[in-house]
Trainee: 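One structure, as C-alpha coordinates, below. Some questions next.
Numbers for residues simply follow the sequence, beginning at 1.
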Amino acid sequence: MILFSLMACTEPSMKRIDDMTKQLEQIEKKHKKTEEAFDNLVNDCVEFDEFLRNNNNPKPELQLLRAYLQQYEDERTTIVEEIKYSYSQLGDLRDDFKQGLYTESQREEYLTSEEKVVDMIEAKLDYFLDRFQKQSDFIKEVKRQ
(Lines give C-alpha, C1' and ligand atoms only; values in the text may rest on other atoms or scores of the structure.)
Protein backbone atom coordinates (compact mmCIF):
# COMPACT_ATOMS: atom_id res chain seq x y z
CA MET A 1 0.00 0.00 0.00
CA ILE A 2 2.83 2.43 0.83
CA LEU A 3 4.56 1.61 -2.47
CA PHE A 4 1.35 2.31 -4.39
CA SER A 5 0.88 5.70 -2.73
CA LEU A 6 4.55 6.53 -3.34
CA MET A 7 4.17 5.71 -7.03
CA ALA A 8 1.00 7.80 -7.24
CA CYS A 9 2.87 10.78 -5.80
CA THR A 10 5.81 10.46 -8.17
CA GLU A 11 3.73 9.83 -11.32
CA PRO A 12 3.15 13.54 -12.13
CA SER A 13 6.79 14.22 -11.30
CA MET A 14 7.93 11.54 -13.74
CA LYS A 15 5.71 13.02 -16.45
CA ARG A 16 7.28 16.43 -15.88
CA ILE A 17 10.73 14.85 -16.15
CA ASP A 18 9.67 13.13 -19.39
CA ASP A 19 8.32 16.43 -20.72
CA MET A 20 11.57 18.24 -19.90
CA THR A 21 13.58 15.44 -21.50
CA LYS A 22 11.52 15.85 -24.68
CA GLN A 23 12.02 19.60 -24.48
CA LEU A 24 15.79 19.06 -24.19
CA GLU A 25 15.69 16.84 -27.28
CA GLN A 26 14.00 19.70 -29.15
CA ILE A 27 16.55 22.10 -27.72
CA GLU A 28 19.35 19.94 -29.10
CA LYS A 29 17.77 20.19 -32.56
CA LYS A 30 17.42 23.94 -32.10
CA HIS A 31 21.07 24.10 -31.02
CA LYS A 32 22.10 22.33 -34.21
CA LYS A 33 20.07 24.86 -36.26
CA THR A 34 21.68 27.69 -34.33
CA GLU A 35 25.16 26.32 -35.02
CA GLU A 36 24.36 26.06 -38.73
CA ALA A 37 22.92 29.59 -38.78
CA PHE A 38 26.01 30.85 -36.94
CA ASP A 39 28.38 29.21 -39.44
CA ASN A 40 26.39 30.58 -42.38
CA LEU A 41 26.32 34.03 -40.87
CA VAL A 42 30.07 34.00 -40.26
CA ASN A 43 30.55 33.26 -43.95
CA ASP A 44 28.01 35.93 -44.89
CA CYS A 45 29.77 38.38 -42.61
CA VAL A 46 33.05 37.91 -44.48
CA GLU A 47 31.33 38.38 -47.84
CA PHE A 48 29.29 41.31 -46.56
CA ASP A 49 32.37 43.03 -45.17
CA GLU A 50 34.13 42.65 -48.51
CA PHE A 51 31.03 43.83 -50.36
CA LEU A 52 30.84 46.97 -48.23
CA ARG A 53 34.52 47.72 -48.66
CA ASN A 54 34.28 47.32 -52.44
CA ASN A 55 31.33 49.71 -52.53
CA ASN A 56 32.98 52.06 -50.07
CA ASN A 57 29.79 51.96 -48.04
CA PRO A 58 30.44 51.03 -44.42
CA LYS A 59 27.36 50.11 -42.43
CA PRO A 60 26.87 50.22 -38.67
CA GLU A 61 24.81 47.05 -39.10
CA LEU A 62 28.04 45.16 -39.67
CA GLN A 63 29.10 46.07 -36.14
CA LEU A 64 25.78 44.76 -34.84
CA LEU A 65 26.23 41.55 -36.81
CA ARG A 66 29.70 41.07 -35.40
CA ALA A 67 28.37 41.76 -31.89
CA TYR A 68 25.74 39.02 -32.23
CA LEU A 69 28.32 36.60 -33.56
CA GLN A 70 30.70 37.39 -30.71
CA GLN A 71 27.92 37.14 -28.16
CA TYR A 72 27.00 33.67 -29.42
CA GLU A 73 30.65 32.64 -29.59
CA ASP A 74 30.95 33.59 -25.91
CA GLU A 75 27.88 31.47 -25.04
CA ARG A 76 28.45 28.40 -27.24
CA THR A 77 30.32 26.24 -24.77
CA THR A 78 28.08 27.25 -21.90
CA ILE A 79 24.94 26.28 -23.82
CA VAL A 80 26.30 22.82 -24.62
CA GLU A 81 27.34 22.33 -21.00
CA GLU A 82 23.93 23.48 -19.75
CA ILE A 83 22.16 20.98 -22.03
CA LYS A 84 24.37 18.11 -20.83
CA TYR A 85 23.98 19.14 -17.21
CA SER A 86 20.20 19.33 -17.50
CA TYR A 87 20.08 15.82 -18.95
CA SER A 88 22.20 14.65 -16.02
CA GLN A 89 20.02 16.46 -13.49
CA LEU A 90 16.86 14.96 -14.94
CA GLY A 91 18.35 11.47 -14.81
CA ASP A 92 19.36 11.99 -11.20
CA LEU A 93 15.93 13.34 -10.28
CA ARG A 94 14.24 10.38 -11.96
CA ASP A 95 16.39 7.94 -9.96
CA ASP A 96 15.90 9.83 -6.71
CA PHE A 97 12.15 10.09 -7.17
CA LYS A 98 11.88 6.37 -7.90
CA GLN A 99 13.70 5.74 -4.63
CA GLY A 100 11.34 8.09 -2.81
CA LEU A 101 14.14 10.28 -1.49
CA TYR A 102 12.25 13.58 -1.44
CA THR A 103 9.05 14.97 -0.04
CA GLU A 104 6.41 16.28 -2.40
CA SER A 105 7.43 19.89 -1.73
CA GLN A 106 11.10 19.05 -2.41
CA ARG A 107 10.15 17.31 -5.67
CA GLU A 108 8.17 20.38 -6.69
CA GLU A 109 11.07 22.68 -5.84
CA TYR A 110 13.61 20.62 -7.81
CA LEU A 111 11.31 20.20 -10.80
CA THR A 112 10.42 23.89 -10.92
CA SER A 113 14.08 24.82 -10.71
CA GLU A 114 15.03 22.47 -13.53
CA GLU A 115 12.11 23.66 -15.68
CA LYS A 116 13.40 27.22 -15.34
CA VAL A 117 16.88 26.14 -16.44
CA VAL A 118 15.56 24.23 -19.45
CA ASP A 119 13.34 27.17 -20.43
CA MET A 120 16.31 29.53 -20.08
CA ILE A 121 18.44 27.40 -22.42
CA GLU A 122 15.66 27.37 -24.96
CA ALA A 123 15.16 31.12 -24.64
CA LYS A 124 18.87 31.72 -25.32
CA LEU A 125 18.72 29.64 -28.48
CA ASP A 126 15.50 31.34 -29.60
CA TYR A 127 17.18 34.71 -29.08
CA PHE A 128 20.19 33.80 -31.20
CA LEU A 129 18.17 32.11 -33.93
CA ASP A 130 15.96 35.17 -34.20
CA ARG A 131 18.93 37.56 -34.36
CA PHE A 132 20.79 35.41 -36.85
CA GLN A 133 17.74 35.17 -39.12
CA LYS A 134 17.20 38.93 -39.03
CA GLN A 135 20.86 39.60 -39.78
CA SER A 136 20.85 37.08 -42.61
CA ASP A 137 17.75 38.70 -44.09
CA PHE A 138 19.41 42.11 -43.78
CA ILE A 139 22.53 40.95 -45.61
CA LYS A 140 20.46 39.46 -48.43
CA GLU A 141 18.51 42.70 -48.76
CA VAL A 142 21.66 44.84 -48.91
CA LYS A 143 23.21 42.57 -51.54
CA ARG A 144 20.08 42.90 -53.72
CA GLN A 145 20.32 46.69 -53.71
Trainee: Can you list the steps and then say if Gln70 with Asp74 is a side chain to side chain donor-acceptor pair (under 3.5 Å)?
Mentor: CA-CA 6 Å; Gln70 185 60 55; Asp74 294 344; 2.8 Å; yes

Trainee: For the pair Asp18 and Arg94, find out whether any cationic side-chain nitrogen is under 4.0 Å from an anionic carboxylate oxygen.
Mentor: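 Yes, charged N to carboxylate O under 4.0 Å.
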
Trainee: Just by distance, no angles: are the side chains of Thr112 and Glu108 close enough, under 3.5 Å, to form a donor-acceptor pair?
Mentor: yes

Trainee: Check Leu101, Leu93, Asp95 against Phe97 for a side-chain contact (heavy atoms from CB on, under 4.5 Å) and give me the one that passes.
Mentor: Leu93

Trainee: Is the shortest heavy-atom distance from the side chain of Leu111 to the side chain of Met20 under 4.5 Å?
Mentor: yes

Trainee: Measuring from Met120:CE to Ile79:CD1, what's the distance to the nearest 0.5 Å?
Mentor: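 Met120 atom CE to Ile79 atom CD1 measures 9.0 Å (nearest 0.5 Å).
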
Trainee: If we only count heavy atoms from C-beta on, is the Ile139 to Leu65 side-chain gap below 4.5 Å?
Mentor: yes

Trainee: So how far is it from Gln89 CD to Asp96 CG, rounded to the nearest 0.5 Å?
Mentor: 9.5 Å

Trainee: Is it true that a side-chain atom of Ser86 and a backbone atom of Glu82 form a donor plus acceptor pair closer than 3.5 Å?
Mentor: yes

Trainee: Can you tell me how far apart OH (Tyr85) and CD1 (Ile121) are? Round to the nearest 0.5 Å.
Mentor: 11.0 Å

Trainee: How long is the span from the CD atom in Glu28 to the NZ atom in Lys84, to the nearest 0.5 Å?
Mentor: 9.5 Å

Trainee: What's the spacing between Phe128 CZ and Glu35 CD if we round to 0.5 Å?
Mentor: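 Going from CZ on Phe128 over to CD on Glu35, the span is 11.0 Å.
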
Trainee: Could you see if Phe38 belongs to whatever hydrophobic cluster contains Leu64? Use Ile, Leu, Val, Met, Phe, Trp, Tyr and a side-chain cutoff under 4.5 Å.
Mentor: yes

Trainee: Is there any salt bridge (charged side-chain N to carboxylate O under 4.0 Å, His left out) pair reaching into residues 111-123, and which pairs are they, with sequence neighbours excluded?
Mentor: Arg16-Glu115, Lys30-Glu122

Trainee: Do the non-hydrogen side-chain atoms of Leu24 and Ile27 ever get within less than 4.5 Å of each other?
Mentor: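 Side chain of Leu24 against side chain of Ile27, heavy atoms only: contact under 4.5 Å found.
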
Trainee: Starting at CG of Asp92, measure out to OH of Tyr110 and round the result to the nearest 0.5 Å.
Mentor: 11.5 Å

Trainee: Between Tyr72 and Phe132, is the ring centre distance below 6.0 Å?
Mentor: yes

Trainee: Any chance the side chains of Glu75 and Tyr127 put a donor and an acceptor closer than 3.5 Å?
Mentor: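 Absent: no donor and acceptor within the cut-off.
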
Trainee: Among Asp130, Asp137, Leu129, which residue satisfies the side-chain contact (heavy atoms from CB on, under 4.5 Å) criterion with Gln133?
Mentor: Asp137

Trainee: Give the cluster check for Val117 versus Val80: same hydrophobic cluster or not, with ILVMFWY residues linked at side-chain heavy-atom distances below 4.5 Å.
Mentor: no

Trainee: Apply salt bridge (Lys or Arg N to Asp or Glu O under 4.0 Å) to Glu36 and list each qualifying residue two or more places apart in sequence or on a separate chain.
Mentor: none

